[in-house]
Student: 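Questions regarding the structure given below will be posed in turn.
Every value quoted in this text rests on a predicted model; they were computed, and no experiment measured them.
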Amino acid sequence: MSRQFRLPLHSPPSFARADFAASPTNAQALEALDAWPRWGDGRLALVGDAGAGKTHLARDWAARADAVVVEAANPLEAPLDLSALRGRAVLIDDADRRAQGGHLDDETLFHLINMAGVDGGTLLLTGRLAPVAWDCVVPDLRSRLNATAVARIDEPDDIVLEAVLRRAFAARAITPAPDVYPYLLRRIPRSSLEAMAAVDLLDEAASAEGRAITRVLAGEVLAFGEGDEEED
């Protein structure tokens with residue numbers, strides 16, 4: 001293969017539902033999100049490991065619901081105007097990892113939960129853990145978190161991981177050999193983050209060495225053993 005020079009730019013992420021890989025591992029989450037705005041008490045927690053697709057689904061929901069988006073892991077520049085959020089759809093992404101010393105403290109989260117279900121307001125919370133495991137010091141918030149309905153995204157299956165691999169390669173304008181996908185799926189950990197990390201490593205190696213991305217390169221770069229090759 002002649003060496004291909006690519007701009008060091010990745011395509012911006014798409015949070016459209018059409019770009020999400022539906023599978024049995026996320027069916028419950030999809031069903032729960034599609035039930036909006038008929039959520040119990042006007043709120044829902046979307047839970048799953050890092051890279052499971054929480055942000056993808058949550059941002060798609062936010063676009064459909066015209067929701068105000070709050071990234072809880074980042075410090076807010078100013079306190080939230082709760083009065084302006086009354087009756088609105090609100091997404092709090094990474095609600096279990098609220099920034100220390102930020103404006104999204106226990107009291108603010110407590111009020112946001114209380115506002116859900118009032119005047120048409122709804123609240124979607126995302127986190128790696130279920131709300132029952134989130135840290136908080138306000139007793140009334142604890143009881144409301146414990147009572148929040150949960151939709152869970154499970155460990156990704158081959159359907160999801162192949163979609164992650166294909167999107168990651170496409171974002172880098174790379175077309176690997178077709179048999180690279182089943183080869184990787186049999187070997188990489190069951191993690192979307194691990195799948196994206198594998199693509200990063202293969203991209204770097206292929207670019208540095210001027211080689212196509214094949215099973216041979218994948219075996220070398222990702223240190224798959226000879227026994228793995230014999231299985232194919």
Student: Pairs in or reaching into residues 106-124: which pass salt bridge (Lys or Arg N to Asp or Glu O under 4.0 Å), with residues at least two apart or in two chains?
Tutor: R86-D119, R98-D106

Student: Sequence neighbours left out, what passes salt bridge (Lys or Arg N to Asp or Glu O under 4.0 Å) with D49? Give chain and number order.
Tutor: none

Student: Pairs under 3.5 angstrom only: tabulate donor-acceptor contacts from the side chains of residues 216-224 to other protein residues two or more places apart or in another chain.
Tutor:
{"unit_1": "E220", "atom_1": "OE1", "unit_2": "R211", "atom_2": "NH1", "d": "2.9"}
{"unit_1": "E220", "atom_1": "OE1", "unit_2": "R211", "atom_2": "NH2", "d": "3.3"}

Student: Which pairs count as salt bridge (Lys or Arg N to Asp or Glu O under 4.0 Å) when at least one residue sits in residues 136-156, sequence neighbours excluded?
Tutor: none

Student: I'd like to check the side chain to side chain contact (heavy atoms under 4.5 Å, CB included) partners of A16; sequence neighbours left out, ordered by chain and number.
Tutor: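 Partners of A16 under the side chain to side chain contact (heavy atoms under 4.5 Å, CB included) test: S14, D19.
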
Student: Holding to side chain to side chain contact (heavy atoms under 4.5 Å, CB included), I want the full list of residues that pass it with V132, two or more places apart in sequence or in another chain.
Tutor: A130, N146

Student: Please list, chain by chain and in numerical order, all residues satisfying side chain to side chain donor-acceptor pair (under 3.5 Å) with S83, sequence neighbours excluded.
Tutor: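 Once residues adjacent in sequence are excluded, the partners of S83 under the side chain to side chain donor-acceptor pair (under 3.5 Å) criterion are D81.
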
Student: Mark yes or no for whether T126, through its side chain, and D94, through its backbone, hold a donor-acceptor pair below 3.5 Å.
Tutor: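 Indeed, once roles are kept as given, a pair shorter than 3.5 Å links the two residues.
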
Student: Can you name the side chain to side chain contact (heavy atoms under 4.5 Å, CB included) partners of A50, sequence neighbours left out?
Tutor: R128, L193

Student: Distance alone, cut at 3.5 Å: any donor-acceptor contact between the side chains of W39 and T122?
Tutor: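 W39 vs T122: no donor-acceptor pair found between side chains.
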
Student: Assess the residue pair L165 and V180 against the criterion (side chain to side chain contact (heavy atoms under 4.5 Å, CB included)); give the C-alpha distance rounded to whole Å, side-chain angles, the decisive distance to 0.1 Å, and a yes or no.
Tutor: CA-CA 10 Å; L165 289 169; V180 166; over 6 Å; no

Student: Is it true that K54 and D93 have a side-chain N and a carboxylate O under 4.0 angstrom from each other?
Tutor: no

Student: Closer than 3.5 angstrom, by distance alone: can the side chain of R187 be matched with the main-chain N or O of Y183 as a donor-acceptor pair?
Tutor: yes

Student: Show me, pair by pair, the donor-acceptor contacts under 3.5 angstrom made by side chains of residues 62-75, not counting sequence neighbours?
Tutor:
{"unit_1": "R64", "atom_1": "NE", "unit_2": "D60", "atom_2": "OD2", "d": "3.2"}
{"unit_1": "E71", "atom_1": "OE1", "unit_2": "N74", "atom_2": "ND2", "d": "2.8"}
{"unit_1": "E71", "atom_1": "OE2", "unit_2": "R59", "atom_2": "NH2", "d": "2.9"}

Student: Decide whether L201 and M196 are clustered together by the hydrophobic rule: side chain heavy atoms of Ile, Leu, Val, Met, Phe, Trp, Tyr closer than 4.5 Å, transitively.
Tutor: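 Different clusters: L201 never reaches M196 through Ile, Leu, Val, Met, Phe, Trp or Tyr contacts under 4.5 Å.
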
Student: Applying salt bridge (Lys or Arg N to Asp or Glu O under 4.0 Å) as the test, list every pair that has at least one member in residues 129-139; sequence neighbours left out.
Tutor: none

Student: Exactly one of L202, T175, D203 should register a side-chain contact (heavy atoms from CB on, under 4.5 Å) with F169. Which one does?
Tutor: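 In the set L202, T175, D203, the residue that makes a side-chain contact (heavy atoms from CB on, under 4.5 Å) with F169 is L202.
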
Student: Mind checking side chain to side chain contact (heavy atoms under 4.5 Å, CB included) for A52 and listing every partner two or more places apart, or none if nothing turns up?
Tutor: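 Expected list: I153.
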
Student: Using the test ring-ring contact (aromatic ring centres under 6.0 Å, His included), find all partners of F20 that sit at least two apart in sequence or belong to another chain.
Tutor: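 Listed in chain order: H56.
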
Student: Using modelled atom types only, decide if a donor and an acceptor are shared between the side chain of D157 and the backbone of I159 within a distance under 3.5 Å.
Tutor: yes

